[in-house]
**Q** 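Could you have a look at this structure, given as structure tokens, before my questions?
Computation of the quantities below employed the complete heavy-atom set of this structure, encompassing side-chain atoms and omitting hydrogens, waters and symmetry-equivalent molecules. In the text below, chain A, chain B and the rest are named by the order of the sequence lines, each starting its count at 1.
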Amino acid sequence: MSDVLNDELAYQILEIVNEIPEGKVVTYGQIAGMIGRKNNSRLVGKVLSKAEYYGDYPCHRVVNHNGRLAPGFEMQEALLKSEGVILKDNGHVDLKKYQWNI
DNA sequence: ATTTTGACACTCT
DNA sequence: CAGAGTGCCAAAA
């Protein structure tokens with residue numbers, strides 16, 4: 001068992017990430033706003049980096065506001081394509097079509 | 001306690 | 001659309 005989830009902050013973020021529908025993506029800023037840290041999107045990314053350590057979460061569905069994927073996480077591209085998300089030639093996601101809104 | 005770093009966002013160029 | 005600069009908050013050293 002991991003007592004890591006003692007971090008309420010991470011718990012809320014992971015809850016949201018776990019609710020992201022397939023074929024959709026969310027920006028760190030959106031999640032940050034959902035948990036009440038709208039000015040602190042970095043914290044979201046930091047937690048997601050440890051997301052696999054917390055458990056099994058679709059962290060690959062989270063991108064930055066530019067539609068860019070996470071560095072050091074190339075598998076993310078394959079996972080998104082597997083869900084039907086078409087990436088641009090630059091590796092950017094088409095947020096206009098795939099951004100998840102609550 | 002202060003400084004540095006981080007899977008970012010926003011504005012201007 | 002991409003790059004550079006600035007701002008925000010929190011954890012780690």
**Q** What residues, two or more places apart in sequence or in another chain, satisfy salt bridge (charged side-chain N to carboxylate O under 4.0 Å, His left out) together with E15(A)?
**A**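 Partners of E15(A) under the salt bridge (charged side-chain N to carboxylate O under 4.0 Å, His left out) test: none.
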**Q** With heavy atoms under 4.0 Å as the rule, sort L43(A) into base, sugar-phosphate or nothing.
**A**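 Contact class for L43(A): sugar-phosphate only.
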**Q** Using a cut-off of 6.0 Å, state whether more than 12 heavy atoms not belonging to D56(A) lie near its atom CG.
**A**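 Check fails, neighbour count at 12 or below.
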**Q** Could you check how far CD1 of I35(A) sits from P of dC8(C), rounded to whole Å?
**A**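 From I35(A) CD1 to dC8(C) P: 18 Å.
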**Q** Out of dG7(C), dA7(B), dA9(B), which nucleotide sits closest to the side chain of H65(A)?
**A**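 Nearest listed nucleotide: dA9(B).
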**Q** Under a single-linkage definition using a 4.5 Å side-chain heavy-atom cutoff for Ile, Leu, Val, Met, Phe, Trp and Tyr, are I31(A) and V63(A) assigned to the same hydrophobic cluster?
**A**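 Result: no, two separate clusters.
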**Q** Heavy atoms from C-beta onward define the side chain here; which of dA9(B), dA11(C), dA7(B) lies closest to that of K46(A)?
**A**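 So the side chain of K46(A) is nearest to dA11(C).
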**Q** Please determine whether a side-chain nitrogen or oxygen atom of H60(A) lies at a distance below 4.0 Å from atom OP1 or OP2 of dA7(B).
**A**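 Checking H60(A) against dA7(B): no side-chain N or O falls below 4.0 Å of OP1 or OP2.
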**Q** Rounded to whole Å, please give me the gap between CD1 in I31(A) and P in dG6(B).
**A**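 After rounding, the gap between these two atoms is 20 Å.
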**Q** Residues in side chain to side chain contact (heavy atoms under 4.5 Å, CB included) with E22(A), at least two apart?
**A**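 Only R61(A), E83(A) meet the side chain to side chain contact (heavy atoms under 4.5 Å, CB included) criterion with E22(A).
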**Q** Given dA9(B), dC1(C), dA2(C), which nucleotide is nearest the side-chain atoms of K88(A)?
**A**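 It is dC1(C).
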**Q** Hey, which sits more toward the 5' end of DNA chain B by its nearest nucleotide, N40(A) or V63(A)?
**A**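 Here N40(A) is the residue nearer the 5' end.
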